[in-house]
Novice: 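Here you go, one structure.
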Amino acid sequence: QVRLVESGGGLVQAGGSLRLSCAGVGRTFSRKSMAWFRQAPGKEREFVATVKPTGGRTYVVNSVKGRFTISRDNAENIVELHMVTLKPEDTAVYYCAARSGVELPTVIYNSERDYDNWGQGTQVTVSS
């Protein structure tokens, strides 16, 4: 099991930027895909971005492509989500997630069911 703690959320104006951080505690952190999901009010939780264990391969959902970047530092047990040009529709609670299942090198894990360790979430609010 990996314990995950998010930070970095807050209130920002449209066009602004934020950097979310997720600190992980657990021996398996560096060998598994990590991801960010978000849940807007009244909506289901949705996938945002994922990064493979080595950090060399990332994938982001189309709605944030070119604006959000996911990265990780395995030595520090941290995964980050750098968000720029934020829009009001980015307002949501953002969750960090880690998987503990088998890690296949060619698979992009972008579904909730791929992850079984979750942080408590951090609120991001973008005002217009």
Novice: So does Val107 get a backbone contact from the side chain of Lys52, meaning a donor-acceptor N/O pair under 3.5 Å?
Specialist: yes

Novice: Between Glu46 and Arg38, does any side-chain N to carboxylate O distance fall below 4.0 Å?
Specialist: yes

Novice: Restricting to non-hydrogen atoms, name the atom on Pro88 and the atom on Ala14 that form the minimum distance, rounded to 0.1 Å.
Specialist: CD-CB, 4.1 Å

Novice: Verify, without hydrogens or angle tests, whether Arg57 (side chain) and Pro53 (backbone) share a donor-acceptor contact under 3.5 angstrom.
Specialist: no

Novice: So Met83 and Leu81, do their side chains get closer than 4.5 Å, heavy atoms only?
Specialist: yes

Novice: Go through it in stages, so that I can follow the logic: the residues are Leu104 and Tyr109, the test is side-chain contact (heavy atoms from CB on, under 4.5 Å), and I'd like the CA-CA distance, side-chain angles, deciding distance and then a yes or no.
Specialist: CA-CA 9 Å; Leu104 299 177; Tyr109 297 99; 3.4 Å; yes

Novice: Identify the two heavy atoms, one from Val64 and one from Val60, that lie closest to each other, and give their separation to 0.1 Å.
Specialist: CG2-CB, 4.0 Å

Novice: Without swapping roles, check the side chain of Arg67 against the backbone of Thr85 for a donor-acceptor pair under 3.5 Å.
Specialist: yes

Novice: Under 3.5 Å, is there a donor-acceptor pair between the side chain of Arg99 and the main chain of Val102?
Specialist: yes

Novice: Are the side chain of Lys32 and the backbone N or O of Gly101 linked by a donor-acceptor pair below 3.5 Å?
Specialist: yes

Novice: Answer whether the closest heavy-atom distance between the side chains of Leu86 and Leu18 falls below 4.5 Å.
Specialist: yes

Novice: Evaluate Tyr95 against Arg45 for side-chain contact (heavy atoms from CB on, under 4.5 Å), listing each step before the verdict.
Specialist: CA-CA 9 Å; Tyr95 296 91; Arg45 188 155 56 184; 3.6 Å; yes

Novice: Would you give the length of the straight line joining atom OH of Tyr59 to atom OG of Ser33, rounded to the nearest 0.5 angstrom?
Specialist: 13.5 Å

Novice: Is the backbone of Gly9 close enough, under 3.5 Å, to the side chain of Thr122 for a donor and an acceptor to pair up by distance?
Specialist: yes

Novice: Between Gly24 and Leu4, what is the shortest heavy-atom contact and its length?
Specialist: CA-CD2, 3.9 Å

Novice: Taking Ile78's backbone N and O only, do any of them form a donor-acceptor pair with Asp73's side chain (distance below 3.5 Å, no angle check)?
Specialist: no

Novice: Answer with yes or no after comparing the ring centroid distance for Phe37 and Trp118 against a 6.0 Å cut-off, counting only values under it.
Specialist: yes

Novice: List the steps, then state whether side-chain contact (heavy atoms from CB on, under 4.5 Å) holds for Ser100 with Tyr115.
Specialist: CA-CA 7 Å; Ser100 59; Tyr115 298 88; over 6 Å; no

Novice: Check Val93 against Gly121 and note the closest heavy-atom contact, atom names and distance.
Specialist: CG1-CA, 3.8 Å

Novice: When you compare the side chain of Val12 with that of Ser127, does any pair of heavy atoms fall below 4.5 Å?
Specialist: no

Novice: Ignoring hydrogens and geometry, is there a side-chain-to-backbone donor-acceptor pair from Glu6 to Gln120 under 3.5 Å?
Specialist: yes

Novice: Are any of the side-chain nitrogens in Arg31 or Glu103 under 4.0 Å away from the carboxylate oxygens of its partner?
Specialist: no

Novice: Tell me, do Val51 and Val79 make a side-chain contact under 4.5 Å, heavy atoms counted?
Specialist: yes

Novice: Rounded to the nearest 0.5 Å, what's the gap from OG on Ser30 to CD on Glu76? Could you check?
Specialist: 12.5 Å

Novice: Could you tell me if Asn110 and Thr50 have a donor-acceptor pair between their side chains, going purely by distance under 3.5 Å?
Specialist: no

Novice: Show the numbers, then the answer: is there a side-chain contact (heavy atoms from CB on, under 4.5 Å) between Cys96 and Met34?
Specialist: CA-CA 7 Å; Cys96 177; Met34 303 286 295; 3.9 Å; yes

Novice: Would a distance-only check, ignoring hydrogens and angles, find a side-chain to backbone donor-acceptor pair under 3.5 Å from Thr91 to Val126?
Specialist: yes

